[in-house]
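Note sheet for the following structure.
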There are 2 protein chains.
Amino acid sequence: MTRVGIREVAALAGVAVGTVSHYLNHPDKVSAERAERIRGAIDSLGFVPNNAGRQLRLGRSSAIAYVAPDVSNPYFAEIAEAVELRAAERGVSAFIANSHRSREREDAHLAFFEQHQVLGLLVSSHLPIEDRLAHVRRRGTPSVLVGQAASSPEQASISLDDVEGGRLATQHLVDIGCRRILFVGGPVGIKQVADRLSGASIVTRAMAGVALEVIDQSDRTIRGGREVGRAIAERPAEDRPDAIFAANDLLALGILQEVVRAGIEVPRDLALIGYDDIEYGEASLIPLSTIRGRHGTFGEATVDLLFGEIEGRTDGVRQLAFTPDLVVRESTSGFGR
Amino acid sequence: MTRVGIREVAALAGVAVGTVSHYLNHPDKVSAERAERIRGAIDSLGFVPNNAGRQLRLGRSSAIAYVAPDVSNPYFAEIAEAVELRAAERGVSAFIANSHRSREREDAHLAFFEQHQVLGLLVSSHLPIEDRLAHVRRRGTPSVLVGQAASSPEQASISLDDVEGGRLATQHLVDIGCRRILFVGGPVGIKQVADRLSGASIVTRAMAGVALEVIDQSDRTIRGGREVGRAIAERPAEDRPDAIFAANDLLALGILQEVVRAGIEVPRDLALIGYDDIEYGEASLIPLSTIRGRHGTFGEATVDLLFGEIEGRTDGVRQLAFTPDLVVRESTSGFGR
DNA sequence: AGTCCTGTTTGAAACGTTTCGAAATCGACA
DNA sequence: TGTCGATTTCGAAACGTTTCAAACAGGACT
């Protein structure tokens, strides 16, 4: 079975290879009569263009890539989906890759995509990665850091104001009357977590009579939340907080399950607020109050920013920050009643 | 900024291009002294191998692809993750693509990957797709149909016995004493759904005094489940089923939320069982009984089967079927008490 | 009939890598 | 020193595509 290429098509159609190429890439430049012959030849040979040849000649691919730490986390899955859609609108494909929170895999993916000459990279990471991206950029592949503000002005980024988010969440808890607030999340080495916590402490420090406790839980999943929930439930009632601010929705959902199971009434005895506004949060048995960072346009803005970099439109701003909103649902709205 | 290629590296290191290539691909074949010089040249030039050139010469890539209908559905996300891991173990990369349940996007992805000369394709689809895969296979790219038994003996597939799963679930409901069973899911045009339903009716028909009702809900998400849940809750108590078998866990979770909110006690008044055993099912407030189709080894088996096809090992079986297990959790275990 | 224009078609060169036969090098041994 | 064999290095060819300058065809004018 011999590979069928553009030459075979050209031979069968009785035209030059250049004409077949034109037919494929600039169909308007080739006469109707030849187009018909070429179409026939392609069908009868089952010709499939070889991307390697094309890309070698072109010197670049027509794809972008999104490297995320954990695509099974709905937060990243939702971004990935938006990215994919927006990329398709712009006529480029999007590769989605999962680094599984491992530096090694992240590195491998970055190298892989650079070798594949993607147009540009979108990267979400919990790890310090700006240096790595700077090298890649210097060699010609631009990137956008997603979900984290870049510290270098050279590095494009699109981020959420997590300090403000932490402030909003905590202020809300205080407003509805909570006084013993527990922040769950960690490790504080992660900027997103540290920022949310620091937003929280801004509020609690400014307010007399409000205490802020911190539990460092670095497994920020439902499982991790359940651990914390059980620990809370086991405390004597007077040692329990009257509000919990979880660093993400997954944690909050885990906590919610275990405290409700233990008979603690949410939100009457304990108000609970998460962060990220993932789909399952709204769909929870007791819908979860939360902080929504990325509005509908976040994914689109991300791709658009990347294209700005790719096309060299260095029209000023390359660092965008979204301001988060408070989303009040049942898990806080009836506290104390 | 001129692209740096293998020739520049060779020139700087004072060796032939062939030697640099050897260094990259068969490091043991090149002397320590030259290896050192080459390493230095690569570092100082920031050389990144160009995949297009490599792939063009080789005639194939070193990647496989998984095309799924909806990666934000944890069922597919979990498969994707396992696939990625197993592929990495075997030293190939895995592309994950989301067809968004659209035939067009599915087609576009298939074409894209064929042009990229992936080693092989993994495909989950709700749509009829065997003909398409047969064409692709004939042109040299093998594939495995994931989650659905192939009808052609030429087409490799790895599937779950959904009739047996439906039977298991329903038998369990009957065993614990339920007599008015409601099946939720649709459309019946989808084989997985039809099979689960037919498994259910095998049980109910064999048993006197057991009724089977069917609600066709083709939005098989939490949202769709909530719709159904509300509809059930609105019925007068005597018209309600005493058990619900949902065609997947997402549906079941949606139903669960709405019926519990309406004050129906689960599992005392209403037993509920889902299908697929997604992570959130176990993590639900009332952990969900379910049918587990794919054990831990499903993703690995999928990749291994694909490699069998790629390497032409046609050692008999190319169609695997996993037998599902019943997983009993709280949403059924206390029915009637 | 010649000239100029516009729009198509042609064929060769180039993209960066791997592989393969040939050439070179080296060590051991006669 | 010369020869042999094993190992390492070399350089050219080939992979399939796009693009570009050049050739060509066909009208519309002079």
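Quick note: numbers below take in every heavy atom, side chains included, and nothing from hydrogens, waters or symmetry partners. To find a chain, count down the sequence lines: A is the first, B the second, and so on, and within it residues start at 1.
Residue contacts shown for B:Leu58 are limited to sugar-phosphate atoms, with no base heavy atom under 4.0 Å away. Residue contacts shown for B:Arg34 are limited to sugar-phosphate atoms, with no base heavy atom under 4.0 Å away.
Close to C:dT17, at under 4.0 Å from its OP1 or OP2, lies no side-chain N or O of B:Arg60. Neither OP1 nor OP2 of D:dG16 sits under 4.0 Å from any side-chain N or O of A:Arg54.
Residues of residues 10-30 of chain A having a heavy atom closer than 4.0 Å to DNA chain D, listed by number: A:Gly18, A:Ser21, A:Asn25, A:His26.
With a 4.5 Å cut-off on side-chain heavy atoms, B:His135 and B:Glu114 do not count as touching. Between B:Gln115 and A:Asn50 there is no side-chain heavy-atom pair separated by less than 4.5 Å. B:Thr19 has its side chain within reach of B:Val30: a pair of non-hydrogen atoms, C-beta onward, lies under 4.5 Å apart.
Using bins of under 30°, 30° to 60° and over 60° for the plane-to-plane angle, the ring pair B:Phe95/A:His116 lands in the perpendicular bin.
Here C:dG16 presents its C1' atom at 11 Å from CG of B:Asn51, a figure rounded to the nearest Å. Between the P atom of D:dT17 and the CD atom of B:Gln115 lies a distance of 10 Å, rounded to the nearest Å. The distance between atom NE2 of B:His116 and atom C1' of D:dT17, rounded to the nearest whole Å, is 13 Å. Rounding to whole angstrom units, CD of residue B:Gln117 and P of D:dG16 are separated by 8 Å. B:Glu8 has its CD atom 8 Å from the P atom of C:dG16, to the nearest Å. Taking atom CD of A:Glu33 as the reference point, atom C1' of D:dG26 lies 15 Å away to the nearest angstrom. Nucleotide C:dG16 holds its P atom 8 Å from the CZ atom of B:Arg3, rounded to whole Å.
Side-chain N/O atoms of A:Ser157 and A:Gln148 include no donor and acceptor closer than 3.5 Å. A donor and an acceptor atom, one from each side chain of A:Ser124 and A:Tyr66, are located under 3.5 Å apart.
Interface remark: the A:Arg57 side chain does form a donor-acceptor pair with the D:dT18 base, using a distance-only criterion of under 3.5 Å.
Among the nucleotides D:dG16, D:dT17, C:dT17, the one closest to the side chain of B:Ile6 is C:dT17. Taking only side-chain atoms of A:Asn50, from C-beta outward, the nucleotide of D:dT17, D:dC15, D:dT18 with the closest atom is D:dT17.
To the nearest 0.5 angstrom, B:Leu133 atom CG is 8.5 Å from B:Ser125 atom OG.
Cation-pi contact between B:Arg39 and B:Tyr23: absent, since separation from the ring centre below 6.0 Å together with deviation from the ring axis within 45° is not met.
Secondary-structure annotation of DNA chain D gives the stems C:1-30 with D:1-30, with a stem taken as at least 3 successive Watson-Crick or G-U pairs whose two distances both fall under 3.5 Å.
The local environment of CD in A:Glu279 is sparse, with at most 12 non-hydrogen atoms from other residues, nucleotides or ligands closer than 6.0 Å.
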